[in-house]
2 protein chains.
Amino acid sequence: MDKDITIYDIAKELDLSPTTVSRALNDHPAVNKNTKQKIYSMASQLGYRSNMFASNLRRQRTNTIGVIVPKLNSNFMSSVIAGMEKVANEADYNLIISQSLETVEKEIANAKTMFNSRVDGLLVSLAFDTENMDHFEPFISKDIPVIFYDRVSDHKQFAGVVIDNVQASYEATTHLIEQGCQNIIHITGNLRRNVYADRLKGFKYALLDNDLPFSDASVIINNLSEDAGVEAAQQILQMDSRPDGLFVSNDTCAVHCMKTLTHAGISIPDEIAVVGFNNDPICRVVEPSLSSIDYPGYEMGEVAVRSLIHYLSGLADTSVTRITLRSELIIRSSSLRKGKENNKGKALALLPETK
Amino acid sequence: MDKDITIYDIAKELDLSPTTVSRALNDHPAVNKNTKQKIYSMASQLGYRSNMFASNLRRQRTNTIGVIVPKLNSNFMSSVIAGMEKVANEADYNLIISQSLETVEKEIANAKTMFNSRVDGLLVSLAFDTENMDHFEPFISKDIPVIFYDRVSDHKQFAGVVIDNVQASYEATTHLIEQGCQNIIHITGNLRRNVYADRLKGFKYALLDNDLPFSDASVIINNLSEDAGVEAAQQILQMDSRPDGLFVSNDTCAVHCMKTLTHAGISIPDEIAVVGFNNDPICRVVEPSLSSIDYPGYEMGEVAVRSLIHYLSGLADTSVTRITLRSELIIRSSSLRKGKENNKGKALALLPETK
DNA sequence: TTGACAATTACAACCGATTGCATATTTTTT
DNA sequence: AAAAAATATGCAATCGGTTGTAATTGTCAA
């Protein structure tokens, strides 16, 4: 366990001042090329590694990005994190990740921790029941950028990376209508969250544009869990006029709802056509395979970190307050009815083994 | 954007020395109770937050744990991380997470980054093709604890958190044999990794104990991906004597292999019975539902961080070099043959909706 | 030869908390 | 009442880089 090498050691070894060594290591232009070379080689020879804490202390920045995520262990969210990690790593930023577990309380606690850890910037996807944004105030007032992803804040002051949920939902609903569905149920999450509110909006618009009636009874709001899916199916089975289409805001919920319906003897897609959301791997495994909205998680993570770093580098384009990524309806067996293949050239993915 | 409050501000305000303030905030016994109270309330009144960097610089520790994970976006790994995050957070440690993406090169780079970030300890699950442990040497020689989880190192000097893969595999294989399988194929990953080597061992032992022959042809080694599963199925379809049992080291691979076989007209479990590994949610979704080894990811994450922190707190029990968690065979339709329900009281999970 | 100017390098203060040692104050003991 | 011990507080150095400003050296034109 040998002692750590500091810039002072390098300086002494080369008979220079720590100042010059520090500047050289930061590639400061005011240091002679030859000197730099000498310092570099001496540094690596001695096994020097910079002390981030000394540096951070002096520079008042941490090269650390905080990430608050509702729940880590879902396919979508872990893809997002994977994307974030990649970009952050490449740009020499560290990530501190914490989960709100879908509750405001934990989200507030997380925000506080992040603030105390003095993150340079914060990336947040809001918990189900977060109402106000007060816990992000400390960041704002200290000019620490906060960027939302997926579950964003409505307040115009906050930047966010999203997909066009209205459009995606509109597309999914229209697809169901094209397949002959006349009575579609939409299962979605807490409407305080933009993602769910927007999807409901898209659902309504699609009905409207196709002269189909909308009523509150067409919407089931739950927490989109497995159990909620099963429960929703039971609810549907009890309905007076059974729906012939189902658009669910989340694949897990959709799958378990669908399976429950199948077990109750309902045939999918003929009696009820189903579309999910997220395009989780699970979609290609369930029988019948589940149509879904492909949702670029990995990319969303990359973009979120990239714009945060962009902002931190002072290249901020403060006018850009929303970045919208593409999303795409993937049609599979769960919503494709025989003799209805008028899909206007949309992507098809009939066979389960198709990617 | 108001200036940050430091202990000097608090000291000045109360006409005390920074020393006392620092001690009070660390609950040092040599500070008077009343003084402490005054300092606490002044601190919160002024909105003081400790500067980790100054503190870390002085104390030469970071309260940060590094985590190297092969791939973040799998159900198992994200559960592990979720568990780690929970415990770390509770103990006021930060997590720095990075992915090796299953390659040594990235793993080495990650280790270097972690080392330069001066993590207090390191948690590692090895990449597929990691051969030697040289990149962890710097940690060892600086007395920074490295604990492995799941994919551990064989070297006795490294501690690790694991399940008993031999036992789990033995159980799964025995179960297949009990269901009447006489010719079982084992699909697994790179044998350099303990998890796969051990599972092969358990597989062999089970055959041996049941007087079934083992040959190299009974083992398929691949990267356990979706595609590998499809490919393995094609391989199986070409075999002269078609197997009647299949034990796969990973659910994703098992599921796609199974689906390919089903599509080729093979009936599961009657013609081929299948058992996977990990008990991913996907197991309960696929038709027929997939038997699998339940693998406590979340718990593994918790335990790993807990023992690392334990070690860092000096409570180290250096003799404990392996912590083994329970794992359990979950029997579902993919391996349960009719009229063979002699399962000696094992857990059953026949219906897809069963948790 | 000298002053202007650029190119390098160094000095020294600073970032904010921690801690060994010394000092001051109070309490206990004899 | 003096000495010893216990309690509470402060001084000042330290952790390892960073940076504004000053000093030194060299170059070139006048």
Side-chain angles (χ1 to χ4, degrees), chain A residues 1-40 42-44 46-64 92 115-120 142, chain B residues 1-40 42-44 46-64 92 115-120 142:
Chain A
M1 179 144 67
D2 18 53
K3 217 186 121 286
D4 261 323
I5 302 297
T6 71
I7 53 170
Y8 297 96
D9 299 319
I10 300 178
K12 200 175 297 170
E13 206 72 32
L14 294 173
D15 205 25
L16 287 167
S17 76
T19 307
T20 305
V21 176
S22 171
R23 294 220 169 94
L25 292 171
N26 285 305
D27 207 14
H28 193 289
V31 177
N32 185 284
K33 269 184 208 153
N34 300 321
T35 315
K36 269 187 197 171
Q37 266 320 314
K38 270 187 231 153
I39 290 174
Y40 291 153
M42 181 55 71
S44 75
L46 296 179
Y48 168 80
R49 52 176 183 159
S50 154
N51 187 318
M52 285 176 43
F53 301 99
S55 171
N56 285 339
L57 175 58
R58 182 59 225 235
R59 292 208 235 227
Q60 304 283 27
R61 60 200 301 288
T62 68
N63 257 56
T64 296
D92 258 325
F115 187 67
N116 289 333
S117 304
R118 293 173 141 84
V119 295
D120 288 340
K142 271 208 156 338
Chain B
M1 176 144 69
D2 18 53
K3 218 184 121 289
D4 260 324
I5 302 296
T6 72
I7 54 169
Y8 298 95
D9 300 319
I10 300 178
K12 201 174 297 170
E13 207 72 32
L14 294 172
D15 206 24
L16 286 167
S17 76
T19 306
T20 304
V21 175
S22 171
R23 293 217 173 94
L25 292 172
N26 286 303
D27 207 14
H28 192 287
V31 177
N32 185 283
K33 271 183 206 153
N34 301 321
T35 315
K36 269 187 195 170
Q37 267 319 316
K38 269 188 230 152
I39 291 175
Y40 291 153
M42 181 55 70
S44 76
L46 296 180
Y48 167 81
R49 53 176 182 158
S50 154
N51 186 320
M52 285 175 43
F53 301 100
S55 172
N56 286 339
L57 174 59
R58 182 59 225 238
R59 290 210 236 227
Q60 304 282 27
R61 59 201 302 289
T62 67
N63 257 56
T64 297
D92 257 325
F115 188 67
N116 289 333
S117 304
R118 286 162 207 258
V119 295
D120 288 340
K142 270 207 156 339

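Numbered from 1 within each chain, the chains take letters A, B, ... in sequence-line order.
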- First contact, last contact: which nucleotides of DNA chain C are these for chain A, 5' to 3', heavy-atom distance under 4.0 Å? C/dT8 to C/dG16

- All salt bridge (Lys or Arg N to Asp or Glu O under 4.0 Å) counterparts of A/Arg118, not counting sequence neighbours: B/Asp4

- Query: Residues two or more places apart in sequence or in another chain: which of them pass salt bridge (Lys or Arg N to Asp or Glu O under 4.0 Å) with B/Lys36?
  - Reply: B/Asp27

- Classify the nucleic acid contact of A/Asn26 as base, sugar-phosphate or nothing, counting any heavy atom under 4.0 Å across all strands shown. sugar-phosphate

- Take B/Pro29 and B/Arg118, find for each the nucleotide of DNA chain D with the closest heavy atom, and name the residue whose nucleotide sits nearer the 5' end. B/Pro29

- Message: Rounded to the nearest 0.5 Å, what separates atom OG in A/Ser44 from atom CD1 in A/Ile5?
- Response: 11.5 Å

- Task: State the CG-CG distance between B/Asn56 and A/Asn56, to the nearest 0.5 angstrom.
- Result: 9.0 Å

- Axial bend angle, the helix from C/dT1-D/dA30 to C/dT30-D/dA1: five-pair end segments, nearest 10°: 50°

- Item | Which residue lies more 5' along DNA chain C, comparing B/Arg59 with A/Leu57 via nearest heavy atoms | A/Leu57

- Over all atoms of both residues, closest heavy-atom pair of A/Ala11 and A/Pro18: CB-N, 3.7 Å

- Is the backbone N or O of A/Val119 less than 3.5 Å from a side-chain atom of A/Ser117, with the two atoms forming a donor-acceptor pair by type? no

- Query: Is there a donor-acceptor pair under 3.5 Å between the side chain of A/Asn32 and the backbone N or O of A/Asn34?
  - Reply: yes

- Item | Span of DNA chain D, from the first to the last nucleotide whose atoms fall under 4.0 Å of chain A heavy atoms | D/dG16 to D/dT21

Holding to side-chain hydrogen bond (donor to acceptor under 3.5 Å, both in side chains), I want the full list of residues that pass it with [X], two or more places apart in sequence or in another chain.
X	answer
A/Thr62	A/Asp120
B/Thr20	B/Ser17
B/Ser55	B/Arg59
A/Asn51	none

- Output all residues satisfying ring-ring contact (aromatic ring centres under 6.0 Å, His included) with B/Phe115, sequence neighbours left out; order by chain, then residue number. B/Phe139

- Output the residues of residues 6-21 of chain B in contact with DNA chain D, where contact means a heavy atom of the residue under 4.0 Å from an atom of the strand; sort by number or write none. B/Asp15, B/Leu16, B/Ser17, B/Thr19, B/Thr20

- Sort and list the pairs that fulfil salt bridge (Lys or Arg N to Asp or Glu O under 4.0 Å) and have at least one residue in residues 9-20 of chain A, not counting sequence neighbours. none

